[in-house]
Amino acid sequence: MKRFWMNTVLMSIVAVVGCQQVQDDQTSSAGGDSAGPKEVIIDGSSTVEPISTRVAEAYREVDPTVQVSVATSGTGGGFKRFIAGETDINDASRPIKESEAEECEKKGIEYVELKVAIDGLSVVVNKENDFCKALTVAQLKAIWEPESKITTWKDVNPEWPDEKIGLYGPDTDSGTFDYFTDEICGESGACRSDYTASANDNDLVLGVTEDKYALGYFGYAYYLENENRLRAVSVSPTDDPADAVAPTVENIESGKYTPLSRPLFIYVRKSSLERPEVAAFVSYYIGDGAGAVTDAGYVQLNDDEKSKARAALGE
């Protein structure tokens with residue numbers, strides 16, 4: 001009887017230890033143990049999303065155990081999640097705002113800013129629009145500024161049709177919205193409110209393609225992907241339309257397409273970089289994965305800029 005009781009106790013101890021081992025294994029796996037699947041969580045700019053998605057797809061071939069998820073809440077919306085500790089990386093089509101940096105500091109969040117590409121923010125019209133070939137920055141400001149009185153194409157140029165302009169642009173959480181309003185209207189966030197806004201650039205593409213008298217703007221990659229359905233408008237930094245420059249890879253790379261050439265970024269949480277899967281993915285992103293920039297329709301950084309990105313990552 002005594003031997004039976006001791007055997008029973010022994011078996012109970014083994015069972016408890018076994019269950020604890022299973023729990024430890026599961027916890028270790030969720031926290032990034034090398035034996036289980038790893039995760040890298042990205043959110044933010046819809047402009048940068050095509051790059052991050054392509055890098056994630058390519059990296060799957062390098063390390064299939066790492067699951068990389070890419071969402072699009074807009075640059076501002078992505079920073080909200082980044083600050084809340086919900087993501088490892090934030091895609092950004094503008095530099096971090098002072099207010100966002102202050103929030104990070106308050107919460108003890110350290111991050112690395114990495115420039116990953118150059119974009120030429122594209123102003124577009126419907127393919128059937130055969131009259132608006134170029135716009136000056138002053139004309140764009142008159143169209144998009146707060147309390148704008150412009151409602152028709154004729155209001156922009158007396159020689160153009162007396163047809164209502166259908167306006168399409170990013171919503172207020174978008175870094176593209178921030179950049180465009182800053183460069184065109186003179187202040188980030190300064191914009192008329194009576195336009196069709198969306199966080200999804202594909203929705204904006206669809207809106208312009210279905211509206212003969214539409215005018216919209218978004219990242220160059222979305223124009224390039226739909227150039228058979230849209231037409232890019234050349235932009236003049238002066239008051240002379242003859243100085244207008246088209247968004248092309250050459251003009252964007254050289255800086256000639258001004259003021260709408262801009263850098264694109266990813267912001268990486270330093271605490272996330274302590275996890276090997278995140279560190280390896282980010283290193284790939286700015287290294288062997290850089291070809292995704294061209295595949296996505298943007299302009300790659302030059303060698304000097306790539307070196308700066310590697311240095312910022314401590315490579």
Side-chain angles (χ1 to χ4, degrees), residues 47 93-94 117-170 174-192 194-195 201 204-205 207-209 211-227 229-264 297-299:
T47 302
S93 58
R94 58 158 172 80
I118 304 171
D119 178 30
L121 202 160
S122 302
V123 177
V124 300
V125 293
N126 186 281
K127 198 75 171 179
E128 293 184 43
N129 183 322
D130 59 0
F131 54 87
C132 181
K133 305 290 177 61
L135 288 167
T136 67
V137 168
Q139 287 174 320
L140 282 170
K141 179 180 180 181
I143 293 169
W144 285 98
E145 65 186 346
E147 312 303 325
S148 172
K149 303 301 182 186
I150 289 180
T151 58
T152 69
W153 284 103
K154 190 172 184 177
D155 293 334
V156 181
N157 186 326
E159 298 178 3
W160 290 350
D162 189 13
E163 297 285 351
K164 184 178 179 180
I165 304 175
L167 294 173
Y168 298 82
S174 167
T176 299
F177 171 84
D178 292 329
Y179 187 89
F180 183 86
T181 52
D182 189 28
E183 293 295 333
I184 298 301
C185 299
E187 180 184 349
S188 179
C191 183
R192 65 192 297 166
D194 58 336
Y195 73 98
D201 289 325
L204 302 178
V205 168
V208 177
T209 59
D211 184 346
K212 183 178 178 180
Y213 295 103
L215 177 74
Y217 68 92
F218 36 74
Y220 181 67
Y222 287 90
Y223 159 67
L224 203 60
E225 193 175 64
N226 296 279
E227 61 181 337
R229 301 193 292 159
L230 302 168
R231 189 166 55 75
V233 175
S234 297
V235 176
S236 172
T238 72
D239 290 334
D240 187 353
D243 294 331
V245 176
T248 65
V249 169
E250 295 74 22
N251 289 338
I252 294 167
E253 186 174 20
S254 68
K256 189 177 179 182
Y257 182 64
T258 183
L260 296 180
S261 289
R262 58 172 179 166
L264 301 178
Y298 297 111
V299 178

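Quick note: residue numbers are just sequence positions, from 1.
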Legend entry - Distance-minimising heavy-atom pair for P241 and S236: CA-CB, 4.3 Å
Legend entry - Under the ring-ring contact (aromatic ring centres under 6.0 Å, His included) test, residues paired with Y168 that sit two or more places apart: none
Inset, instruction - Please work out which of the three classes, parallel, tilted or perpendicular, describes the rings of Y195 and F177, given edges at 30° and 60°. - result: parallel
Inset, instruction - Taking all heavy atoms of A134 and all of A244, pick out the closest pair and write down the distance. - result: CB-CB, 3.7 Å
Inset, instruction - Could I get the full list of salt bridge (Lys or Arg N to Asp or Glu O under 4.0 Å) partners for R192, not counting sequence neighbours? - result: D194
Inset, instruction - Look at the rings of Y223 and Y220 and say which category their plane angle falls in: under 30° parallel, 30 to 60° tilted, over 60° perpendicular. - result: tilted
Legend entry - salt bridge (Lys or Arg N to Asp or Glu O under 4.0 Å) partners of R231, counting only residues at least two apart: none
Inset, instruction - Report yes or no: does N129 contribute a side-chain atom to a donor-acceptor pair with the main-chain N or O of F131 at less than 3.5 Å? - result: yes
Inset, instruction - Specify whether F180 and Y217 have parallel, tilted or perpendicular ring planes, treating 30° as the upper limit for parallel and 60° as the lower limit for perpendicular. - result: parallel
Inset, instruction - Using atom types as modelled and distance alone, determine if a side-chain donor or acceptor of N126 lies under 3.5 Å from a backbone N or O of A214. - result: no
Inset, instruction - Ignoring hydrogens and angles, state whether a donor on the side chain of T176 or R262 is under 3.5 Å from an acceptor on the partner side chain. - result: yes
Legend entry - Closest contact, heavy atoms only, G166 versus D211: CA-OD2, 3.6 Å
